[in-house]
Amino acid sequence: MTPQKRLFLIDGMALAYRAHFAFIRNPLLTSDGRHVSAAYGFTKSVLKLIRDEKPEYLAVVFDAKEKTFRHEKYPEYKATREKMPFEMRPQIPWIREIMEAMNIPVFVKSGFEADDVIGTLAVQAQEKGLDTYMVSGDKDFMQLVNDHIFLYSPAVGNKDLVVYTCDEVKKKWDVGPERIVDLLSLMGDSSDNIPGIPGIGEKTAVKLIKKYGSFDLVLEKGQEESNARIRKGIEEHRESGLLSRELVTIKTDVPVELDLDTFQFTGFNEDALRKTLEKMEFYALINELQLGESHEDVEQNYRVLDTRKSLDDFIQKISGEKAFAFDTETDHIDANRANLVGVSLSYQAGQAVYIPLRFLNKENELFDTQDDVVYVLSQLKPLLENDNVLKVGHNIKYDLLVLKKYGVEGKGPLFDTMIAEYLLNPDMTSYKLDHLAQRYLNYKMQSIEELIGDKKSKQITMDKVSLEKAGFYAAEDADITWKLYKILEEKIHKEKLDKIFHDIEIPLVHVLTRMEDNGVYLDVEFLKNMEGEVRDELSKITEKIYDLAGERFNLNSPKQLGYILFEKLKYPVVKKTKTGYSTDVTVLETLKKEYPIAKHLLEYRTLSKLQSTYIETLPKQVNPRTGRVHTSFNQTVAATGRLSSTDPNFQNIPIRTPLGRRIRKAFIAQDKGWKILSADYSQVELRIMAHLSGDERLIQAFLEDADVHARTAALVFGVSEKEITEDMRRKAKVVNFGIMYGAGPFRMSNELDMSRQDAAALIKAYFDTYPGVEKYVENIKKEAAETGMVRTLLGRYRQVPDIRSENRNLRDAAERMAINMPVQGTAADLIKLAMIRVDADMQKKTLKSRMILQVHDELVFETAPDEEDVLCDLVKKDMESAMELDVPLKVDIGIGDSWFEAH
DNA sequence: TACCAAACGTA
DNA sequence: GTACGTTTGGTAG
């Protein structure tokens, strides 16, 4: 007997809801901020269904918008349902679009719910000799199950897939499908607000049905029930039960026609599907479905240059070119620890070469003759150091750093495709090359995991990959980078980002390369001493805490601490996190007046943070080759345009507490007689706010070089500068910063320890004092709403899609971002410009001193004994003149034996 | 092993 | 209220 053909009917809304809530803690967003969790989960599930079941016939059924006969019968029907989450609503049409591209019909029948349509189609399918699978988690469907109709309840969370046959239904409810309606009529359904018979729940309903045989018989004979509650329920709520039965019964006579031709699943409309999925940015799905352009259509003339002759010929050819893309392959992700494995180049779409330097030979031994390396590099060097040739790369700072170790100075004009994409879409979380290839070239790249393995622990390095595979992979990188360059260059221009790109970010690449290469010298001895000191102190505190707690526990575990404080010791709960009790600083600060243990905990927290993040860790980061610590300054992370620093993060070295600040004593110069010089912009963001807003009073304050917080206090509180108290200045400072972050009265009142009304009044007084600032805030919000983006003074932009959201929280958050980004971003542009100037002037004067760190508004240098004065002057002048604003820029400079003294 | 939440360091 | 990165514990896989 040939197996029955199968029809799968998907309960669309149920699946959409499930997908939405599966991602609720971690919603999926597109680059412009659209919620797509439901659409993604939905699509995933449908794909899984197709893959697992290979259905011959398939359709999706949605509820109609209009009210149904159930609402007419019972106005409270589904009245307790929360309305659809706002971020889900726009996804329904997208889901329909995706289904259309998959050639899966979507059914909606006005006046009927999806259940009824599915029921009707299932019955018709049975008549045509098909087996039907109703795809839903809704138990109501069990009433329709028979030998040819099944309920297919997909896996969710830790629950596996269940296909309900008659036996399965019986196993679950102890009664068969034919009694499910009876059961539901008695017990009702709270999610649909179906009353059933009050007082009868699942357990009782099953018992009654088994005892009497059916719902009708329960009504008839229920009066004999010994249990008074049940008897009374049946007597008094008979009507409710009968109504419930009508409501829960799924119709099988909806006027729809099962037309098998349209239900037949024959495969996707690949073109349409790719386009739709691209719109949703479901690149992983596109990959999974292999919807990218097929590789056969793409020209890929990739060659491995494994003889000197072939290399010479290639160099000859490329020498006439004005631009080329290149990529280095190495054996380490950290450029400072990496060995060069090979170099790939491309100057023409579809053409690329790979020059291996380190690879396995036929005997599987590492092959790396020094002669070859020297020869290859000597051939490449003139090319990479040519001031008249454009070098294109993806994250080119990495390649420049690696080449530097081999004596090659990548000089001259650059184009970095990663930075270009970052400027175009500054909010993305990843700018990987394969992602861009998918996005702009609709091309699926060879994944690195295929070469080196996906298990982190078992990964091999590139030099252990066969030459053939490595060659293709590397050549593809160069080829794709070249193709992206052609596209992104155009886009940068179109979006008016040329200035930011060519005058700031690209020149900065060279500066950052030098800074990372310089690294920072640390007084490891000093940190080791500090470590011992702190360790002793920590163990003393630990004992005290154990003593007060009455037991030993893991002090680093907020969970265990929460138990001790709020359950064992029964201290008042101050604040909750989404997983339990909060034990953060504010909580401990509140508790410490009454409960001394909190004071010790605060001390413990501070010390252990310093110990584990800085004191213990920094010495481990010293590079054995250079004896210095080489951080990585990331140019494509912060959406506002700031840099970020990792491995280690040198932009969060403590300064606020005396003990933390001591860590800065470890930041010294390596050579005897050299010093640390620190130069920081004074009040840079407020000055930029003054310029952007054009507020006369604020500008005046800076023109007079006033203490701006004190000045603000005097103006806002209406007193003379002499009458200002410390507290008034403190409050003014909080408001000055709060305004730049877009804070409202609520947050400000917390910070200022005053009522919300008082905070609101203070904000009003602030805006009355600086009307230009208020206007700026209003204007920027308007601009954001009109254009969907905000820009810095130099044109760097950030999209703020949520500015038009219906959701208050999202919209408010977007407004705060919109207010802050031009300020923070312009400050970022400013210091980047300053770095470029300082670096250029240091080169010009061939100073031995080095720029080593940037901390958002501060630059740090190691300075040679005879260069102190000249460097001070140079840095101050370049930083203060980096931008011409309506207010002066002021730079404070300090110099000393360590960062501690310099600051 | 991989990932998240909580906590906390900076401008 | 803005913008980041790291460490730790705890859990899911």
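Model, not experiment: these values are computed from the prediction. Each chain gets a letter, A, B and so on, in the order its sequence line appears, and its residues count up from 1.
Here A:Phe650 pairs with A:Phe667 under the ring pair (Phe, Tyr, Trp, His ring centres under 6.0 Å) rule; sequence neighbours left out. By the salt bridge (charged side-chain N to carboxylate O under 4.0 Å, His left out) test, A:Asp892 pairs with no residue at all, sequence neighbours left out. Remark: A:Glu567 engages no residue in a salt bridge (charged side-chain N to carboxylate O under 4.0 Å, His left out) (not counting sequence neighbours). Listed by chain and residue number, A:Tyr604 satisfy the side-chain hydrogen bond (donor to acceptor under 3.5 Å, both in side chains) test with A:Asn556 (two or more places apart in sequence, or in another chain). When the side-chain hydrogen bond (donor to acceptor under 3.5 Å, both in side chains) test is applied to A:Arg808, the partners found at least two apart in sequence or on another chain are A:Asp812. Shown here are the side-chain hydrogen bond (donor to acceptor under 3.5 Å, both in side chains) partners of A:Arg798, two or more places apart in sequence or in another chain: A:Asp427.
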Sugar-phosphate means primed atoms, P, OP1 and OP2; the rest is base. With that split, encode nucleotides 7-12 of chain C 5' to 3' as B, S or - using protein heavy atoms under 4.0 Å. SSSSS-
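In this structure, of B:dA5, C:dC4, B:dG9, it is B:dA5 that holds the atom nearest to the side chain of A:Thr579. Here the nucleotide nearest the side chain of A:Pro654, chosen from C:dA3, B:dA7, B:dT10, is B:dT10. With B:dA7, C:dG5, B:dA5 as the choices, the nucleotide that has an atom nearest any side-chain atom of A:Lys578 turns out to be B:dA5.
For the segment residues 765-773 of chain A, no residue has any heavy atom less than 4.0 angstrom from an atom of DNA chain C.
Residue pairs satisfying the ring pair (Phe, Tyr, Trp, His ring centres under 6.0 Å) criterion with at least one member in residues 732-764 of chain A, sequence neighbours excluded, are listed as follows: A:His709-A:Phe737.
For B:dA11, one of the phosphate oxygens OP1 or OP2 lies less than 4.0 angstrom from a side-chain nitrogen or oxygen of A:Arg656.
Among the atoms of the strands shown, none is found under 4.0 Å from any heavy atom of A:Phe737.
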